[in-house]
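Just so you know, these numbers come straight off a predicted model, no measurement behind them. No hydrogens, no waters, no symmetry mates; every other heavy atom, side chains included, goes into these values.
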Amino acid sequence: MSVSPSVPLSANSARTGAPTQAELFDFARRTAADTELIASLPLDPEGRTWVRLEGPGGSEAWLIGWPPGTGTGWHDHAESVGAFVTASGELKENSLVVRLPSDGWKTLELTDGVDRERRLPAGEGRSFGRHHVHEVLNESTERHAVSVHAYYPPLPQIRRYSRTGQVLRLEQVERPEDWR
């Protein structure tokens with residue numbers, strides 16, 4: 001994995017106040033359509049790469065490169081709402097339609113019917129609310145994918161999970177200093 005310096009997008013920095021999910025999605029969609037910016041992301045054949053962007057209204061935003069066969073693993077974004085759009089290639093999102101308790105648990109048994117799957121080719125994406133549990137994957141065996149992500153408030157933590165069948169297990173809590 002590699003981290004690159006922040007890239008300001010001055011056209012999006014004039015807005016004040018907390019951005020909505022729709023505004024985060026619109027930012028991600030417009031940024032994903034910026035072919036020059038997307039082409040500027042250095043791609044690594046072995047690990048994800050990312051560049052921090054200046055998002056609207058003080059949001060945290062990232063341009064992420066996904067080598068073939070990579071993914072995030074199951075995680076959530078705590079109290080942040082967010083959006084992401086695939087800029088090139090195709091991503092798959094697996095998500096759970098369930099609200100997890102915020103604290104005090106290590107293992108949960110999921111009920112049937114909570115799984116959702118979305119295929120997100122270039123130009124498509126989605127927004128999501130607080131406590132959204134998902135994993136994002138580039139299932140291609142040949143092609144990188146690139147995506148734009150935005151979160152508000154800036155990510156206070158990411159909870160990472162393992163999943164075996166219908167059992168979801170909290171494995172780790174990461175704080176911003178762990179990934180910047």
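When side chains are defined from C-beta on, Phe84 counts as touching Phe128, because their heavy atoms get closer than 4.5 Å. At a threshold of 4.5 Å between non-hydrogen side-chain atoms, the residues Ser80 and Arg130 do not count as touching. The shortest side-chain heavy-atom distance between Thr49 and Leu41 falls under the 4.5 Å cut-off. Inter-residue side-chain proximity for Glu174 and Arg160 is flagged as met; some heavy-atom pair is nearer than 4.5 Å. Side-chain contact between Glu46 and Pro67 is absent, with no heavy-atom pair separated by less than 4.5 Å. Within the 4.5 Å cutoff, no side-chain heavy atoms of Leu43 are placed close to those of Trp66. Arg48 has its side chain within reach of Thr72: a pair of non-hydrogen atoms, C-beta onward, lies under 4.5 Å apart. In this structure the side chain of Thr107 never reaches within 4.5 angstrom of the side chain of Leu170, judged on heavy atoms.
For Tyr161, the ring pair (Phe, Tyr, Trp, His ring centres under 6.0 Å) partners two or more places apart in sequence, or in a different chain, are Trp105. Ser95 is linked by a side-chain contact (heavy atoms from CB on, under 4.5 Å) to Glu93, Arg116, Arg118, Arg126, His132, His134, counting only residues two or more places apart in sequence or in another chain.
In this structure, OG1 on Thr31 lies 8.5 Å from CG on Leu63, to the nearest 0.5 angstrom. Rounding to the nearest 0.5 angstrom, the gap separating the CD atom in Glu117 from the CG atom in Leu137 is 9.0 Å. We find the CG-CG distance between Leu96 and Leu110 to be 5.5 Å, quoted to the nearest 0.5 Å. With values rounded to the nearest 0.5 angstrom, Leu168 atom CG is found 11.5 Å from Lys106 atom NZ.
Cluster membership check: Leu53 shares its hydrophobic cluster with Val146, using side-chain heavy-atom separations under 4.5 Å among Ile, Leu, Val, Met, Phe, Trp and Tyr. When hydrophobic clusters are built by joining Ile, Leu, Val, Met, Phe, Trp and Tyr residues whose side-chain heavy atoms come closer than 4.5 Å, directly or via intermediates, Phe25 is not grouped with Leu91. By the rule that hydrophobic residues join a cluster once side-chain heavy atoms approach within less than 4.5 Å of another member, Phe27 and Ile38 end up as members of one cluster. In this structure, Leu24 is not a member of the same hydrophobic cluster as Trp62, with clusters built from ILVMFWY side-chain heavy atoms closer than 4.5 Å. Val133 and Val98 fall within a single hydrophobic cluster, where Ile, Leu, Val, Met, Phe, Trp and Tyr side chains are chained together by heavy-atom contacts under 4.5 Å.
Between the His75 side chain and the Gly73 main chain, a donor and an acceptor come within less than 3.5 Å of each other. Side-chain atoms of Gln166 come within 3.5 Å of backbone atoms of Thr111 as a donor-acceptor pair (strictly under, hydrogens ignored). Here the side chain of Thr164 pairs no donor or acceptor atom with the backbone of Val167 at under 3.5 angstrom.
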Chi angles and distances behind the salt bridge (Lys or Arg N to Asp or Glu O under 4.0 Å) call for Arg29, Glu124: CA-CA 8 Å; Arg29 185 183 48 73; Glu124 292 190 26; over 6 Å; no
Where do Arg52 and Glu60 land on the side chain to side chain contact (heavy atoms under 4.5 Å, CB included) test, with the steps shown first? CA-CA 8 Å; Arg52 180 146 185 186; Glu60 180 172 345; 3.6 Å; yes
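Of the charged side-chain nitrogens involved, at least one lies within less than 4.0 Å of a carboxylate oxygen, so that Arg119 and Glu139 count as a salt-bridged pair. Look at Arg163 and Asp115 and you find a salt bridge, because one of the NZ, NE, NH1 or NH2 atoms lies within 4.0 Å of a carboxylate O, short of that distance. Between Arg30 and Asp26 there is a salt bridge, since at least one side-chain N of the basic residue sits less than 4.0 Å from a carboxylate O of the acidic one.
The two residues Thr86 and Leu120 come nearest to each other via the heavy atoms OG1-O, 2.9 Å. Closest of all the heavy-atom pairs between Asn138 and Glu90 is OD1-O, 3.6 Å. Taking each heavy atom of Gly57 and Tyr152 in turn, the nearest pair found is O-CE1, 3.4 Å. The minimum heavy-atom distance between Val173 and Gln157, with the atom names listed, is CG1-OE1, 3.5 Å. The shortest heavy-atom contact between Pro56 and Pro19 is O-CG, 3.4 Å. Scanning both residues, Glu171 and Ser162, for their nearest heavy atoms gives OE2-OG, 2.6 Å.
Heavy-atom contacts from other residues, nucleotides or ligands closer than 6.0 Å to CD of Glu142 number 12 or fewer.
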